[in-house]
Protein chains: 2
Amino acid sequence: MSRQPSKTANIREIARRAGVSIASVSRALNGKPGISEALRERILTISRDVEYRPSAAARQLISGKAAVVGISLGRRDFELRPYYILLYQHLTVALHRQGMVPIFFAHDRTATLPEQAGAAILLGEFADDPRPALMRSHRVPFVRIGLAGEGFSVAPEDRHGIYLATRHLVEKGRRHIAFVGDELTSPHSQHRLGGYRQALDEAGFEAELIDIPPNLDPALTGYRWLSRRLEREPRAYDGLVCETDELARGCLTALEDHGLSVPGEVAVTGFDDLPTLAEGLTTVRQDIAGIAAMSVELLGEAQASKPPRHVSMPVELVVRETS
Amino acid sequence: MSRQPSKTANIREIARRAGVSIASVSRALNGKPGISEALRERILTISRDVEYRPSAAARQLISGKAAVVGISLGRRDFELRPYYILLYQHLTVALHRQGMVPIFFAHDRTATLPEQAGAAILLGEFADDPRPALMRSHRVPFVRIGLAGEGFSVAPEDRHGIYLATRHLVEKGRRHIAFVGDELTSPHSQHRLGGYRQALDEAGFEAELIDIPPNLDPALTGYRWLSRRLEREPRAYDGLVCETDELARGCLTALEDHGLSVPGEVAVTGFDDLPTLAEGLTTVRQDIAGIAAMSVELLGEAQASKPPRHVSMPVELVVRETS
DNA sequence: CTGAAAGCGCTTACAG
DNA sequence: CTGAAAGCGCTTACAG
């Protein structure tokens with residue numbers, strides 16, 4: 001906004017400033033061997049100073065195989081959830097910044113990814129997911145988002161986030177705190193559930209789980225489930241730790257329809273901090289843009305055959321009106 | 001799948017086959033002047049034969065301004081709806097086929113689009129939407145999806161689709177058919193509502209509208225609304241024409257919870273034919289991939305300053321178990 | 001009307 | 001470790 005878009009500096013400009021050849025700059029930038037550490041450092045610094053952005057076009061032209069990154073969406077239309085849309089959004093931006101081009105693949109189209117893309121980002125992984133093996137057999141470098149595992153991966157601190165939310169409710173004096181989750185046996189839920197259990201253990205309280213069957217509409221399903229529960233026992237809980245903001249919204253609506261005040265009689269927390277959806281909701285914020293950027297960074301490492309690693313992205317408790 | 005990906009023919013290959021220079025091929029392909037009609041025809045024929053695909057990378061490299069297309073999402077987190085995700089998916093693929101690169105812009109980030117992209121696709125337009133004016137003032141060619149209007153646009157046959165669904169219920173012998181919509185006063189709803197009214201008029205029945213307030217979770221909101229209505233008057237309707245599959249899902253659940261059989265006592269239709277969500281649901285199918293492809297085609301026309309046009313994409317009634 | 005050549009920004013053998 | 005040069009596919013002055 002403030003600064004001129006300016007003809008973004010290219011490799012030649014960096015070479016000029018560093019007083020070296022463009023070949024050296026290219027090597028430094030791409031982490032290729034055959035260059036001294038000192039020179040690499042100097043070049044990297046300069047490229048940062050001039051806010052160098054590689055030209056996707058040029059890279060693609062050379063590689064023939066365009067710098068196309070296939071973004072493989074999750075099974076069971078998990079991908080049709082708000083959280084993922086935000087992720088897509090940031091992923092397209094983060095990839096473009098690095099001169100890469102995104103193409104989306106519905107889960108059942110992922111078999112065609114290797115022939116159209118040179119790298120992949122896997123979303124919504126599940127148990128026995130065939131995609132990692134597929135990528136390996138086609139030698140497609142990939143990063144997965146959401147779960148730690150073999151190879152490169154990025155995930156928010158699920159466990160810690162739920163731990164923070166639960167402990168927050170304990171500190172607020174809540175004693176009957178239930179955990180509301182969607183398919184609690186899934187590996188993904190396991191982490192969040194773990195954080196809940198830990199906080200309750202520390203407080204010496206009993207855990208109580210509300211396991212919503214996997215569903216396309218968590219808010220509606222959560223609403224119905226909680227409504228039935230409250231009909232039988234209106235005072236069952238004074239705190240609800242929800243696995244997602246959507247689930248929290250469903251619970252909030254059910255509480256309202258049953259005349260229970262929030263946070264007076266029941267406190268509620270969510271997870272994700274989605275725009276609009278999390279308005280007024282105490283929740284755990286994920287840095288979705290950060291996750292996207294980190295994924296792309298790791299993808300670069302994967303393409304450079306560096307040793308795999310998992311990165312855990314920090315989360316943050318955001319206290320609003322529901323607790 | 002069947003044919004080898006094969007190194008796609010390039011401009012040089014076409015020149016070789018035609019026995020001319022690559023400059024002539026380029027001119028022919030791009031409709032540039034300075035080439036005889038006869039030669040142009042010959043070259044065009046050959047390029048068709050070899051299924052020539054221009055290299056986006058090379059073109060971008062030259063134009064400097066990359067073929068970056070900003071996809072601007074709608075207001076109020078409309079974009080967080082399943083339908084749009086499918087659209088994004090097909091849009092990324094369609095753009096890539098034409099050598100263009102997608103970047104997503106959240107609605108409130110659209111102001112930054114002109115400096116980052118050379119063209120735009122606008123989704124989820126609303127009344128007094130400032131985006132078209134913004135694009136014009138920055139001379140960014142654009143296409144909008146979802147509503148006819150000035151300039152280029154693509155939309156499914158909303159009106160006709162709902163007309164088909166409503167007439168279908170009439171033919172099935174339904175007499176008390178209500179229309180369930182989300183924010184019925186919006187321009188988008190107007191079209192669908194029009195199709196409903198037309199079919200009822202033809203049958204000589206009374207229209208009845210169920211207007212769900214605009215909401216982040218249509219399924220839940222529709223569920224609650226219908227539940228209350230059914231508590232007062234269980235036999236109020238024998239047919240429900242829903243504006244979207246999501247709304248239909250909410251209604252179906254409400255009917256189930258009230259012990260009403262579908263389609264025995266009440267028939268239900270949706271709109272969109274979303275995967276999983278529309279399973280077993282009688283609905284109106286949109287050709288989302290077709291809409292995406294057409295948008296990209298029109299974008300090409302917009303960039304070439306051709307006269308603006310609106311394209312209406314056909315829809316199709318899909319009869320399943322709920323009617 | 002047609003062609004030979006330069007050049008877009010980058011990577012990568014090939015020399016040194 | 002470092003550099004000069006070729007080349008990815010295309011467009012566009014510049015000559016003819």
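Throughout, a chain's letter reflects where its sequence line sits, starting with A, and its residues are numbered from 1.
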In whole angstrom, give the distance that lies between atom [atom1] of [X] and atom [atom2] of [N].
X     : N      : atom1 : atom2 : answer
B:N30 : D:dT12 : CG    : C1'   : 11 Å
B:I11 : D:dG9  : CD1   : P     : 11 Å
B:E13 : D:dC8  : CD    : P     : 14 Å
A:I62 : D:dC8  : CD1   : C1'   : 6 Å
A:L61 : C:dC8  : CG    : C1'   : 9 Å
B:L29 : D:dT12 : CG    : C1'   : 15 Å

Check for me whether the distance between the ring centres of A:F104 and A:Y88 falls short of 6.0 Å.
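For A:F104 and A:Y88, the ring centres are under 6.0 Å apart.
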Counting only heavy atoms not in A:R40 (residues, nucleotides, ligands), do more than 12 fall under 6.0 Å from its CZ?
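Yes, the 6.0 Å shell around CZ holds more than 12 heavy atoms from other groups.
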Over all heavy atoms of both residues, which pair between [X] and [Y] is shortest? Give the atoms and the distance, please.
X      : Y      : value
B:V315 : B:E157 : N-OE1, 3.5 Å
A:S47  : A:I14  : CB-CD1, 3.6 Å
A:P141 : A:G118 : CD-O, 3.3 Å

Phosphate oxygens OP1/OP2 of D:dC8: is one of them under 4.0 Å from a side-chain N or O of B:N10?
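Checking D:dC8 against B:N10, no side-chain N or O comes under 4.0 Å of OP1 or OP2.
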Using OP1 and OP2 only, check whether a side-chain N or O of B:K32 sits under 4.0 Å from D:dT11.
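No, no such contact exists.
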Is there a side-chain contact between [X] and [Y] in this structure, where contact means two heavy atoms from C-beta onward sitting under 4.5 Å apart?
X      : Y      : answer
B:F142 : B:R131 : no
A:F152 : A:R309 : yes
A:Q286 : A:M313 : no

Side-chain donor or acceptor of B:T45 paired with backbone N/O of B:E41 under 3.5 Å
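Indeed, once roles are kept as given, a pair shorter than 3.5 Å links the two residues.
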Table of protein N/O atoms under 3.5 Å from nucleotides 1-5 of chain C N/O atoms:
{"residue": "C:dT2", "atom": "OP2", "partner": "B:S36", "partner atom": "N", "Å": "3.1"}
{"residue": "C:dT2", "atom": "OP2", "partner": "B:S36", "partner atom": "OG", "Å": "3.3"}
{"residue": "C:dG3", "atom": "OP2", "partner": "B:S21", "partner atom": "N", "Å": "3.1"}
{"residue": "C:dG3", "atom": "OP2", "partner": "B:S21", "partner atom": "OG", "Å": "3.2"}
{"residue": "C:dG3", "atom": "OP2", "partner": "B:S24", "partner atom": "OG", "Å": "3.0"}
{"residue": "C:dG3", "atom": "N7", "partner": "B:R27", "partner atom": "NH2", "Å": "2.8"}
{"residue": "C:dG3", "atom": "O6", "partner": "B:R27", "partner atom": "NH1", "Å": "3.3"}

Strand DNA chain D as a dot-bracket string - pairs counted if Watson-Crick or G-U with both distances under 3.5 Å, | where the partner lies in another strand:
|||.||||||||.|||
